[in-house]
Trainee: 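Once you've had a glance at the structure underneath, I'll fire off some questions.
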Amino acid sequence: MTAGQGRASGPRGDAPPSEQTPLSGPVRLRFAPSPTGYLHVGGARTAIYNDLLRQSLGGAFVLRIEDTDRVRSDEAMTRQIEEALRWSGVAWDEGPFLQSERLPRHVAAAERLLAADRAYYCFCTTEQLDPLRREAEQQGRTFRYPRTCAHLPAGEVARRRAAGEPAAVRFRMPDAPVSWHDLVRGEVEFPAEALDDFVLLRSDGTPTYHLSVVVDDVEMRIDLVLRGEDHVSNTPKHIRLFEALDASLPRFGHLPLILGPDKRRLSKRTGATSVEEFRAQGILPEAFYNFLALLGWSPGDGRELMSRDELIAAFSLDRVSNAAAVFDPEKLLWMNGQYLWKLPLPDLLARVKPFAEAAGLGAHVDTPLFAAAVGLQQLRARTLVELAEQLQPYFTSELAYDEAASRKYLGTAGLPALLGELAARWAALDEWKKERLEESLRALATERGVKAAALIHPVRMALSATTAGPPLFDLVAALGREETAQRLERYRRSLAALSAQ
RNA sequence: GCCCCCAUCGUCUAGCCCGGUCAGGACGCUGCCCUUUCAAGGCGGUAACACGGGUUCGAAUCCCGUUGGGGGUACCA
């Protein structure tokens, strides 16, 4: 390639010189997922970065569903995506627009290009092209469409079309390298040899992705395209199309991909990959947003726990990494815990509610015990699902005690009797308050010459069937007089039975 | 195969552009403290510049190569 970069035979001059100017607003940007099921974390992060930019620079965020070529554009899937975005905290200003509904405009654009001779009919079939492709590969060359139909006489084209011969429409790719200043990766250039006369309209008349995106971006006056790295190699095509359509070029930025723990492209095989799944796991949206914002970007000052507003204030594309990042679910869990622990109780109650209902605790959700239990377990759960699970013992008296632990407790002589005595004293308390409960238990321990802990642990087992949990007297206070008495009695019998064996 | 890109603790990363602090922070793992347990919290520890050549008084930082990884290579999006 000798042409030297820059200037070239591009019909309207070349891509603008690399603008080093920092991004300033307002911007019109878009997020354009294809409705292939659920919103992927990679897509979610792209949406979040667009959201961050839109919020910090002003302008508009356009949501467009790229549903061309979908067997049927499933409305449910579109709703799914909207819902996932809304949950994530991504705010869009316009849309969602369905690309499938804009097909006529795409076709019209192709016709304009045809009329301007920037595109041409191609009668070659896939069957004809495939062997050439393989041959090129074997010879170590990049395959390019040989332009068999690029210069057919107008008469022949008209005749063959009139005869009903199927024809695709191909873009006449200018024979020059394409370069642009990518907002995240800097100067990018593709040699002319790597560029092909790609298809605009399939032989069935439907537009391809490339045509649709560019036409839509033009008509929606998008001036900033921020998308995944998998689109880098499409960008030269798009740039040429913008030019051929006499449209001004948007700025482009390409985000590195998100990898799974196996360092390969994130897949369902290695864990959750969709926004839906994280939501169902009891991940908090603000933690999710925060975490994803930090996957491939950092403010540079060591901050990690950041609200959306803080992220908006600190975000800039030039600090986005250009290396792929591995998604670490462990760290997400940690971050989620950080958010969960700081939630005000009423807020947390509202959020666990659906999870508690799913866990079969629907009947208790509005009780004082429920609120108390959530408060006691808050610091002990990292997700809403964990929290809901931990609530279970508060509402079931049919606890399954840990036998090994129980045997250990029996090392304290006369433990069943001691528990009986404790139950009696507690039952006689005038005030069911943790301070009174604790005094009473400690007094009993002192009188009988045992350590308080020798009583505390069995009581915890009696009340919650677990060896771990919130401070005991908080637990007793929350459970209430009646429930505590019943559980102590039940455990006392169970212990007595165990020691009799 | 070919084109493009990437490379700092196991992971996310700061530092790189403008060569010169024990290569800093976070997750994880781990020790201690706190404590009736478990968490949370506090104080420590563990662990990285992929490799090889240059350039330089001096390289994680600049250049070349190798290796490894990723993306693309469609009448998919």
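In what follows, chains carry the letters A, B, and so on, assigned in the order in which the sequence lines appear, proteins first and then strands, with residues in each chain numbered from 1.
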Trainee: Sticking with atom P, work out how far B/G19 lies from B/A60, rounded to a whole angstrom.
Mentor: 13 Å

Trainee: Look at the aromatic rings of A/W432 and A/W426 and report parallel, tilted or perpendicular, splitting at 30° and 60°.
Mentor: perpendicular

Trainee: Mind jotting down which residue pairs meet the salt bridge (charged side-chain N to carboxylate O under 4.0 Å, His left out) criterion with at least one end in residues 450-475 of chain A? Sequence neighbours excluded, please.
Mentor: A/K434-A/D474

Trainee: Using a 4.0 Å heavy-atom cut-off, does A/Q338 contact any base of the nucleic acid, only the sugar-phosphate backbone, or nothing at all?
Mentor: sugar-phosphate

Trainee: In residues 463-475 of chain A, which residues come under 4.0 Å of RNA chain B by heavy atom?
Mentor: A/T467, A/A468, A/G469, A/P470, A/P471, A/L472, A/F473

Trainee: Would you tell me if any nitrogen or oxygen in the side chain of A/R170 comes within less than 4.0 Å of OP1 or OP2 on B/C75?
Mentor: yes

Trainee: Nearest whole Å is fine: how far is B/C12 P from A/E304 CD?
Mentor: 13 Å

Trainee: If you only use heavy atoms from C-beta on, which nucleotide in B/G1, B/C12, B/G28 is closest to the side chain of A/E137?
Mentor: B/G1

Trainee: Figure out the NZ/C1' separation between A/K331 and B/A26, and round it to whole Å.
Mentor: 4 Å

Trainee: For RNA chain B, which residues of residues 379-388 of chain A approach it to below 4.0 angstrom with any heavy atom?
Mentor: A/L379, A/R380

Trainee: Does A/N234 get its side chain close enough to the base of B/A77, under 3.5 Å, for a donor-acceptor pair?
Mentor: yes

Trainee: Mind checking if A/A323 touches a base, just sugar-phosphate, or nothing, with heavy atoms under 4.0 Å?
Mentor: sugar-phosphate

Trainee: Judged by atom type as modelled, is there a donor-acceptor pair below 3.5 Å linking the side chain of A/E193 to the main-chain atoms of A/T142?
Mentor: no

Trainee: Of all the nucleotides listed (B/C75, B/U36, B/C12), which has the minimum atom distance to the side chain of A/R442?
Mentor: B/U36

Trainee: Considering residues at least two apart in sequence or located in another chain, which fulfil the salt bridge (charged side-chain N to carboxylate O under 4.0 Å, His left out) criterion with A/R264?
Mentor: none

Trainee: Looking at residues at least two apart in the chain, or sitting in another chain, which of them share a salt bridge (charged side-chain N to carboxylate O under 4.0 Å, His left out) with A/R64?
Mentor: A/E66, A/D216, A/D217

Trainee: Checking contacts here: which listed nucleotide (B/A40, B/A14, B/A26) is nearest the side-chain heavy atoms of A/W341?
Mentor: B/A40

Trainee: Could you please name the partner base of B/U11, counting Watson-Crick and G-U wobble pairs only when both distances are under 3.5 Å?
Mentor: B/A26

Trainee: Please confirm whether the shortest side-chain N or O distance from A/R303 to OP1 or OP2 of B/C12 is below 4.0 Å.
Mentor: no

Trainee: Of the options B/C75, B/U11, B/C5, whose atoms approach the side-chain atoms of A/S203 most closely?
Mentor: B/C75

Trainee: With sugar-phosphate meaning primed atoms plus P, OP1 and OP2, does A/H254 contact a base, only sugar-phosphate, or nothing at under 4.0 Å between heavy atoms?
Mentor: nothing

Trainee: Between B/C3, B/C27, B/C5, which nucleotide gets closest to the side-chain atoms of A/E330?
Mentor: B/C27

Trainee: Across all strands, who's sitting opposite B/G1 as a Watson-Crick or G-U wobble pair, both distances under 3.5 Å?
Mentor: B/U73

Trainee: With sugar-phosphate meaning primed atoms plus P, OP1 and OP2, does A/R319 contact a base, only sugar-phosphate, or nothing at under 4.0 Å between heavy atoms?
Mentor: sugar-phosphate

Trainee: Base, sugar-phosphate, or nothing: which does A/G296 touch, judged by heavy atoms less than 4.0 Å apart?
Mentor: sugar-phosphate

Trainee: Ring centroids only, cut at 6.0 angstrom: are A/H231 and A/H254 within range, meaning strictly under it?
Mentor: no

Trainee: Please determine whether ring-ring contact (aromatic ring centres under 6.0 Å, His included) holds for the pair A/F327 and A/F291, giving the CA-CA distance in whole Å, both sets of side-chain angles, and the decisive distance to 0.1 Å.
Mentor: CA-CA 10 Å; A/F327 185 90; A/F291 181 76; 5.5 Å; yes

Trainee: Using Watson-Crick or G-U wobble geometry with both distances under 3.5 Å, which nucleotide pairs with B/C57?
Mentor: B/G20

Trainee: Taking 4.0 Å as the cut-off, does a side-chain nitrogen or oxygen of A/R133 come that near to OP1 or OP2 on B/U73?
Mentor: no

Trainee: Rounded to whole angstrom, note down the C1' distance from B/C33 over to B/A23.
Mentor: 29 Å

Trainee: Return the nearest nucleotide to the side chain of A/R202; candidates are B/C75, B/U37, B/U13.
Mentor: B/C75

Trainee: Quick one: is A/Q378 getting a side-chain N or O under 4.0 Å of the B/C38 phosphate, OP1 or OP2?
Mentor: no

Trainee: With the sugar-phosphate defined as primed atoms, P, OP1 and OP2, and the base as all remaining atoms, what B/S/- string results for nucleotides 63-71 of chain B, 5' to 3', for protein heavy atoms under 4.0 Å?
Mentor: -------SS

Trainee: Per the atom types in the model, does the base of B/U36 pair as donor or acceptor with the side chain of A/R460 at under 3.5 Å?
Mentor: yes

Trainee: Do A/W297 and A/Y49 have ring centres separated by under 6.0 Å?
Mentor: no

Trainee: Considering the options A/R147, A/R240, A/R170, which one meets the salt bridge (charged side-chain N to carboxylate O under 4.0 Å, His left out) requirement together with A/D197?
Mentor: A/R147

Trainee: Using atom types as modelled and distance alone, determine if a side-chain donor or acceptor of A/T235 lies under 3.5 Å from a backbone N or O of A/V232.
Mentor: yes

Trainee: Using a 4.0 Å heavy-atom cut-off across all strands, classify A/A325 as base, sugar-phosphate, or nothing.
Mentor: sugar-phosphate

Trainee: Does B/U66 have a Watson-Crick or wobble partner in any strand here, with both distances under 3.5 angstrom, and which is it?
Mentor: B/A50

Trainee: Nearest-Å distance, CD1 (A/I258) to P (B/U11)?
Mentor: 16 Å

